[in-house]
Amino acid sequence: MLDRKFIVENAEAVRTNCVNRGVAADVARFVELETERKTRQVQIEDLNRRANEVSKSIGKAADAVERDARKEEGRQLRGQVATIRAELDEIEAEQLAIQGTIPNMSHPDAPVGEDDQANLERAQGKTALPEFDFEPADHVELGERLALLDFESGSRVAGAGFYFLKNEAVLLELALARFAFETLLAEGFTPMTTPDVARNEVLQGTGFIPRGPETQIYSIENTDLSLIATAEIPLGGLLAGRTVDAESLPLKFCGMSHCFRTEAGAAGRASRGLYRVHQFTKIEMFAFTLPDQSEPMLEHLREMECRLFDALEIPYRVVDTATGDLGGPAYRKYDLEAWMPGRGGYGEVTSASNCTDYQARRLDARYKVKGEKGTHFVHTLNGTAIAISRALVAILENHQQADGSVAVPEVLRPWVGMERIKPKQQGQ
RNA sequence: GGAUGGGUGGCCGAGUGGACUAAGGCGGCAGUCUUGAAAACUGCUGUACGCAUCGCGUACCGGGGGUUCGAAUCCCUCCCCAUCCGCCA
């Protein structure tokens with residue numbers, strides 16, 4: 001969320017930004033409430049001060065009569081505090097509700113627009129679009145022919161949206177993970193595997209809504225735990241409620257986790273195959289930085305994503321996300337969209353966001369400069385290194401061959417142990 | 001799952017109703033001393049918010065609630081951690 005003082009002092013800019021982002025948030029009401037809140041705050045502090053003075057004077061009271069009189073005075077004061085406190089709580093609750101709906105400010109270069117139609121292509125990958133001298137298959141059909149994907153069993157076991165990977169698909173998953181980690185380790189990222197569940201508090205801190213009608217999150221009954229939708233959640237939680245020394249920043253992590261998403265309301269929307277599933281494995285980058293480091297860090301994350309997908313020989317474009325499509329926490333966001341011959345178009349495979357201090361404020365993740373008074377909020381960034389399921393779509397569809405096989409990208413061969421994935425006989 | 005003990009300021013750690021709303025130590029910062037450093041000595045050293053001309057105030061001792069004029073301290077409740085036992089990949 002945004003800082004309340006910032007909202008009040010920049011009400012007009014915040015309001016305009018809400019419009020650009022397509023969010024209806026009552027900024028004016030927030031500002032109005034802030035005045036109300038401050039009045040109450042000052043009243044309460046004054047009453048508390050007087051009550052504290054009274055309390056201290058009781059020990060020194062001359063006699064029982066005076067003591068009783070002072071006690072009564074104290075009771076009165078504390079009673080008044082309780083009344084005003086209740087009003088203040090109500091005001092704060094309303095403010096917090098509004099504050100939660102106000103999105104982060106937007107980078108001045110982010111394209112202004114309602115939705116992904118307004119996204120701006122910034123660059124293209126090194127790999128040219130494939131030209132097939134045959135009718136290319138989509139990944140579902142390839143998965144079938146090569147015995148790599150089993151959606152039917154997945155849905156029998158866990159329901160629609162779940163799947164089994166098998167045979168070389170499993171090797172590809174492991175190879176992709178290994179490849180991503182090797183690349184990122186060389187760049188100073190600290191590798192992590194994370195809990196696949198997290199406290200709802202951590203979900204909320206990172207900006208995810210664990211419950212409610214439009215939630216995308218699976219929650220675990222009778223606990224305050226949810227299945228994570230991305231390693232961004234536990235990695236962001238690493239510094240939740242903590243204050244680190246400024247010198248220790250930036251911190252770069254890459255975490256592998258399973259990701260679980262209910263995809264409520266997404267039925268029918270490109271729902272075939274691996275593109276939109278309830279569970280997948282993902283290697284995610286996450287960074288905590290000083291404020292002036294976050295913009296270069298976003299470029300760094302994007303650069304890593306490009307390097308990974310160039311190495312996988314997958315054609316893609318880099319898109320600068322439009323204000324209306326940024327979501328709540330992002331200040332700026334780049335997506336990599338890979339070419340997917342099966343759909344004859346681009347599909348999102350990664351996403352890198354600079355959340356500035358928006359996420360950190362909710363997480364309460366701070367840094368402190370030695371010798372200076374006070375603390376500041378860190379900046380947080382996250383970016384997909386490789387989301388296995390979507391990477392598999394792109395690999396299978398782009399590297400398919402006329403003979404029905406799929407070429408394994410050069411960089412993965414050491415781990416997959418073969419150059420080609422060949423069609424199987426029935427039952428394999 | 002069973003038993004026990006715990007959660008206090010950057011860290012260690014004292015503190016069972018009012019004497020600074022946290023002793024003492026470590027670490028950190030500044031100064032004295034010293035050719036320089038170390039040691040020693042002296043002082044300072046949490047965060048947030050508010051008011052304000054140095055400064056003052058309010059809140060915070062795991063979270064929430066309660067008792068009381070007054071709670072780190074008493075009560076209720078939840079969470080977490082540690083150790084041992086059992087079970088187990």
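Chain naming here is simple, since letters A, B, ... match the order of the sequence lines and numbering starts at 1 in each. Just so it is clear, the structure is predicted and the values come from calculations on it, not from any experiment.
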Using residues 185-192 of chain A as the side-chain source, report each donor-acceptor pair under 3.5 Å to any protein atom, sequence neighbours left out, with the distance given to one decimal.
residue : atom : partner : partner atom : Å
A:E187  : OE2  : A:R307  : NH1          : 3.4
A:E187  : OE2  : A:R307  : NH2          : 3.0

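- For A:F179, there are no ring-ring contact (aromatic ring centres under 6.0 Å, His included) partners two or more places apart in sequence or in a different chain.
- Judged as a side-chain contact (heavy atoms from CB on, under 4.5 Å), and not counting sequence neighbours, the contacts of A:F164 are A:D150, A:S153, A:V157.
- Under the rule for a side-chain contact (heavy atoms from CB on, under 4.5 Å), the partners of A:E72 that lie at least two apart in sequence or sit in another chain are A:R75, A:Q76.
- Remark: P of B:A48 and CZ of A:R4 are 15 Å apart, rounded to the nearest angstrom.
- B:U42 and B:A82 have their C1' atoms separated by 41 Å, given to the nearest Å.
- Taking every heavy atom of residues 75-87 of chain A and every atom of RNA chain B, pairs under 4.0 Å involve A:R75, A:R78, by number.
- Remark: the separation of the P atoms in B:A39 and B:G27 is 9 Å, to the nearest Å.
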Check nucleotides 53-58 of chain B for protein N or O atoms closer than 3.5 Å to its own N or O atoms and list the pairs.
residue : atom : partner : partner atom : Å
B:G57   : N2   : A:E45   : OE1          : 3.2
B:G57   : N2   : A:E45   : OE2          : 3.3
B:U58   : OP1  : A:N52   : ND2          : 3.4

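- The interatomic distance linking A:E201 (CD) with B:G62 (C1') rounds to 11 Å, in whole Å.
- Partners of A:Y331 under the ring-ring contact (aromatic ring centres under 6.0 Å, His included) rule, at least two apart in sequence or in another chain, are A:H107.
- The CZ-P distance, from A:F377 to B:U47, rounds to 14 Å in whole Å.
- Relative ring orientation between A:H278 and A:F162 is described as tilted, the plane-to-plane angle lying within the 30° to 60° band.
- Between B:G63 and B:A71, the distance separating the two P atoms is 15 Å to the nearest Å.
- A:Y334 pairs in a side-chain hydrogen bond (donor to acceptor under 3.5 Å, both in side chains) with only one of the listed residues (A:R122, A:R302, A:E299), which is A:E299.
- Whole-Å rounding puts the A:D364 CG to B:C60 C1' distance at 13 Å.
- B:G86 sits 22 Å from B:G6 when the C1' atoms are compared, rounded to a whole Å.
- Between the P atoms of B:U77 and B:A23, the separation comes to 32 Å (whole Å).
- Residue pairs meeting the salt bridge (Lys or Arg N to Asp or Glu O under 4.0 Å) criterion with at least one member in residues 244-262 of chain A, sequence neighbours excluded, are A:D245-A:K370, A:E247-A:K370.
- Atom CD1 in A:I91 sits about 16 Å away from atom C1' in B:C49, given to the nearest Å.
- The nearest heavy atom of RNA chain B to A:H376 and to A:R199 marks one nucleotide each, and the one closer to the 5' end goes with A:H376.
- Other residues, nucleotides and ligands contribute at most 12 non-hydrogen atoms within 6.0 Å of the CD1 atom of A:I209.
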Handout entry: Watson-Crick or G-U pairs under 3.5 Å in RNA chain B, rendered as dot-bracket with [ ] for crossing pairs and | for another strand
Key = ((((((((.[[[..)..(.....]]]((((((.......))))))((((((...)))))).[[[[[..)....]]]]])))))))....

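- When the C1' atom is used for both B:C33 and B:C41, the distance is 9 Å, rounded to whole Å.
- OP1 or OP2 of B:U47 has at least one side-chain nitrogen or oxygen of A:K368 nearer than 4.0 Å.
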Exercise for the section: Under the side-chain contact (heavy atoms from CB on, under 4.5 Å) rule, what do A:M105 and A:Y358 come out as? Steps first, then yes or no, please. Expected result: CA-CA 9 Å; A:M105 299 303 283; A:Y358 188 90; over 6 Å; no

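- Side-chain atoms of A:S226 and A:N200 include a donor-acceptor pair closer than 3.5 Å.
- Atom NZ of A:K38 is separated from atom P of B:A52 by 10 Å (rounded to the nearest Å).
- Between atom NE2 of residue A:H379 and atom CG of residue A:L298 there is a gap of 12.5 Å, rounded to the nearest 0.5 Å.
- For RNA chain B, no neighbouring residue in residues 235-250 of chain A is found when judged by any heavy atom under 4.0 Å.
- The nearest whole Å value for the distance from the OH atom in A:Y367 to the P atom in B:U47 is 14 Å.
- An OP1 or OP2 oxygen of B:G50 is reached within less than 4.0 angstrom by a side-chain nitrogen or oxygen of A:K5.
- Within the cation-pi definition used here (under 6.0 Å to the ring centroid, within 45° of the axis), A:R4 does not qualify as a partner of A:F30.
- When the C1' atom is compared between B:C80 and B:U8, the two are found 15 Å apart, to the nearest whole Å.
- Rounded to whole Å, the separation between the C1' atoms of B:C20 and B:C61 comes to 15 Å.
- Among residues at least two apart or in separate chains, side-chain hydrogen bond (donor to acceptor under 3.5 Å, both in side chains) pairs with a member in residues 412-421 of chain A are A:S405-A:R420.
- When rounded to the nearest whole Å, the span between CZ of A:R37 and P of B:A48 equals 15 Å.
- Residues satisfying the ring-ring contact (aromatic ring centres under 6.0 Å, His included) criterion with A:F309, sequence neighbours excluded, are absent altogether.
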